[in-house]
Amino acid sequence: MQVGHKSSWRQLQASFFRLLCLIPTGFPVRSVDMQRATDNITIRQGDTAVIRCYVDDKVSKVAWLNRSNIIFAGQDKWSLDPRVDLVTKGQLEYSLRIQKVDVYDEGSYTCSIQTKQQPKTSQVYLIVQVPASIYKVSEDISVNEGRNVTLSCLASGRPEPTITWRLLDPSAEPLDGEEYLDILGIMRNQAGRYECRANNDVATPDSKYVTVVVNYPPSITKATDSETPVGRLGTLQCEAVAVPTAEFEWYRDEKRLFNTQATNIQILDKTSILMIANVTEEDYGNYTCVASNRLGEHRANVFLYRPGTGRDINGSACVSQSLWLLLVCSAFVFFKC
């Protein structure tokens with residue numbers, strides 16, 4: 001605590017210098033201007049602080065004072081703190097050393113001396129900085145697409161840390177948010193790993209991470225037909241994106257298909273493959289792939305057809321390409337007439 005009023009400070013000095021009269025003659029100390037502004041020393045929490053006080057050839061009585069508490073009087077240690085000791089180099093230095101500095105060490109320290117001429121003091125204010133530390137951050141969450149999301153990140157430090165957010169994939173660009181990051185109507189492309197970083201330039205920034213999973217219904221992104229001769233293996237493919245991962249079902253008309261000797265269904269991550277062994281004439285036609293999760297489903301039609309033939313949008317009876325071209329040409333001639 002610094003003494004705010006000159007009268008109180010002078011009373012404290014007078015009391016302290018009366019105490020100095022009890023200290024044996026010891027160290028000479030450099031003359032110091034009592035009216036000069038207090039010096040500041042900035043130290044990081046956990047480091048060692050050395051508060052300097054140098055001496056000259058004038059015999060004096062010397063002591064260290066922290067606020068109103070005596071730390072050292074001459075060589076006699078009054079403080080019970082084992083972290084505190086003196087740094088003396090012959091009779092040239094009378095400095096105070098504090099190891100493993102903590103926030104409660106912050107404050108005013110006074111090196112006071114009694115010379116033959118007049119009392120002198122050197123006052124230093126110790127500022128303790130604390131690295132930024134995140135002490136609370138949101139847990140990983142799973143949320144449906146379109147919902148509002150708020151992520152929180154609380155940090156401590158001296159000076160007060162600045163908090164920033166980034167979505168690490170894909171761009172890792174900074175987001176608008178400090179202790180709280182608000183995401184309105186979250187979309188699937190906003191899912192991923194969010195980084196909260198606290199920084200006050202005292203030490204390496206502290207970082208914590210929150211994983212946000214965005215759930216959405218399936219969307220079939222690719223459905224592949226199969227052009228397969230009779231007697232060969234036909235493969236139909238269906239690919240869907242969804243969170244949670246989609247489950248697949250296959251249908252021929254309204255009948256669901258299962259694994260049999262004739263058909264085999266495989267699921268590889270986001271893709272389902274329907275394999276039809278030894279294709280027959282009856283196998284040609286329309287098949288339906290259904291991708292579903294707890295949020296909904298999506299359907300797509302795929303077709304198994306004979307090489308050299310086309311198919312209509314219903315996947316029903318096909319005509320040869322040559323016959324189809326003939327019909328088109330006939331229609332063109334008819335309308336021209």
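Computed from a prediction, not measured in an experiment: that's the story for all the values here. One is the number of the first residue; the rest follow in order along the sequence.
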| task | Flag yes if more than 12 heavy atoms outside Lys270 fall under 6.0 Å of its NZ atom; otherwise flag no. | result | no
| query | Quick one: OG1 on Thr263 to OH on Tyr287, what's the gap to the nearest 0.5 Å? | reply | 8.5 Å
| query | Can you find a pair of side-chain heavy atoms, one from Trp165 and one from Glu178, that are under 4.5 Å apart? | reply | no
| query | If every non-hydrogen atom of Ala291 is compared with every non-hydrogen atom of Ala240, which pair is closest and at what distance? | reply | CB-CB, 3.7 Å
| Interatomic spacing from CG in Leu257 to CD in Glu249 - rounded to 0.5 Å | 10.5 Å
| field | Side-chain donor-acceptor contact under 3.5 Å, Ser108 with Gln123 | value | yes
| Would you find a donor on one side and an acceptor on the other, under 3.5 Å apart, between the side chain of Asn293 and the backbone of Pro244? | yes
| task | State whether a side-chain donor-acceptor pair under 3.5 Å links Thr228 with Ser226. | result | yes
| message | Between Trp250 and Ser272, is there a side-chain donor-acceptor contact under 3.5 Å, judged purely by atom types and distance? | response | yes
| Is Tyr251 linked to Tyr305 within one hydrophobic cluster, defined over Ile, Leu, Val, Met, Phe, Trp and Tyr using a side-chain heavy-atom separation of less than 4.5 Å? | no
| Nearest atoms (heavy-atom pairs only) where Ala223 meets Ala300 | CB-CB, 4.2 Å
| query | CD of Gln75 to OG1 of Thr88: how many Å apart, nearest 0.5 Å? | reply | 5.5 Å
| field | CG/Asn148: more than 12 non-hydrogen atoms of other groups inside 6.0 Å | value | yes
| Under a 4.5 Å cut-off applied to non-hydrogen side-chain atoms, are Ile43 and Leu126 in contact? | yes
| Side chains of Ile220 and Cys238: does their closest heavy-atom pair fall under 4.5 Å? | yes
| message | Check this for me, if you would: do Asp47 and Lys100 make a salt bridge, where the nitrogen-to-carboxylate-oxygen distance has to be below 4.0 angstrom? | response | no
| query | Quick one: does Tyr284's side chain have a donor or acceptor within less than 3.5 Å of a partner on Val230's backbone? | reply | yes
| Within-4.5 Å side-chain heavy-atom neighbours: Asn215 and Ser142 | yes
| task | Take Leu295 and Asn144 through the side-chain contact (heavy atoms from CB on, under 4.5 Å) test and state the conclusion after the steps. | result | CA-CA 9 Å; Leu295 298 177; Asn144 292 345; 4.0 Å; yes
| said: Is there a continuous path of hydrophobic side-chain contacts, each under 4.5 Å between heavy atoms, that joins Val212 to Val241? | reply: no
| For the side chain of Ser156 and the backbone of Ile134, is there at least one donor-acceptor N/O pair under 3.5 Å apart? | no
| Straight-line distance of Met187 CE to Arg147 CZ, nearest 0.5 Å | 14.5 Å
| field | Note, Leu274 side chain near Thr235 side chain (heavy atom, < 4.5 Å) | value | no
| query | Between the side chains of Ser152 and Ser138, is a donor N or O closer than 3.5 angstrom to an acceptor N or O? | reply | yes
| query | Got Ile276 and Leu304 here, is their nearest side-chain heavy-atom distance under 4.5 Å? | reply | yes
| query | Would Arg158 and Glu106 count as a side-chain contact (heavy atoms from CB on, under 4.5 Å) if you check the C-alpha gap in whole Å, the side-chain angles of each, and the deciding distance to 0.1 Å? | reply | CA-CA 12 Å; Arg158 302 176 66 181; Glu106 183 169 298; 2.8 Å; yes
| said: I need the full list of side-chain hydrogen bond (donor to acceptor under 3.5 Å, both in side chains) pairs touching residues 188-201, with sequence neighbours left out, sorted by first then second residue. | reply: Glu145-Arg188, Arg166-Glu195, Glu195-Tyr209, Asn199-Asp201
| field | CA sep, side-chain torsions, deciding dist, call: Thr280, Glu282, side-chain contact (heavy atoms from CB on, under 4.5 Å) | value | CA-CA 5 Å; Thr280 66; Glu282 289 76 18; 3.2 Å; yes
| Hydrophobic cluster membership, Val210 vs Ile186, 4.5 Å side-chain cutoff | yes
| field | Check: Lys61 side chain, Ser112 main-chain N or O, donor-acceptor pair, under 3.5 Å | value | no
| query | Are side-chain heavy atoms of Arg232 and Val279 found at a separation under 4.5 Å? | reply | no
| said: Could you report the tightest heavy-atom contact between Val202 and Pro159, atom names first, then the distance? | reply: CG2-CD, 3.9 Å
| task | Check whether any side-chain N or O of Asn259 sits under 3.5 Å from a backbone N or O of Ile265 as a donor-acceptor pair, and report yes or no. | result | yes
| Nearest 0.5 Å, what's the CG-CD distance between Asp269 and Glu239? | 8.5 Å
| said: Could you check whether any side-chain heavy atom of Val213 comes within less than 4.5 Å of a side-chain heavy atom of Val143, counting everything from C-beta outward? | reply: no
| For the hydrophobic clusters of this structure (ILVMFWY residues joined by side-chain heavy atoms under 4.5 Å, transitively), does one cluster hold both Phe248 and Tyr216? | no
| message | Using a 3.5 Å distance criterion without hydrogens, assess whether the side chain of Trp64 forms a donor-acceptor pair with backbone atoms of Tyr94. | response | yes
| task | For Ser95 and Cys53, indicate whether the former's side chain and the latter's backbone hold a donor-acceptor pair under 3.5 Å. | result | yes
| If you look at every heavy atom in Thr211 and Asp140, which pair is closest and at what distance? | N-OD1, 2.9 Å
| task | Determine the minimum heavy-atom distance between Ala203 and Arg44, stating which atoms define it. | result | CB-NH1, 3.8 Å
| said: Ignoring hydrogens, what is the shortest heavy-atom contact between Ala198 and Ala155? Give both atom names and the distance. | reply: CB-CB, 3.7 Å
| query | Does one hydrophobic cluster hold both Val137 and Tyr180, with members joined at side-chain heavy-atom distances below 4.5 Å? | reply | no
| request: Before accepting this row, confirm whether a basic side-chain N of the pair Arg306/Glu281 lies closer than 4.0 Å to the acidic partner's carboxylate O. | output: yes
| request: Flag the pair Asp81 and Arg83 as a salt bridge only when some basic side-chain nitrogen lies within less than 4.0 angstrom of an acidic carboxylate oxygen. | output: yes
| Where do Phe72 and Ser79 land on the side-chain contact (heavy atoms from CB on, under 4.5 Å) test, with the steps shown first? | CA-CA 7 Å; Phe72 277 93; Ser79 171; 6.0 Å; no
| Once you round to the nearest 0.5 Å, how far does CD1 of Ile71 lie from CG of Leu80? | 12.0 Å
| field | Phe303: which of Thr224, Leu236, Asn286 passes side-chain contact (heavy atoms from CB on, under 4.5 Å) | value | Asn286
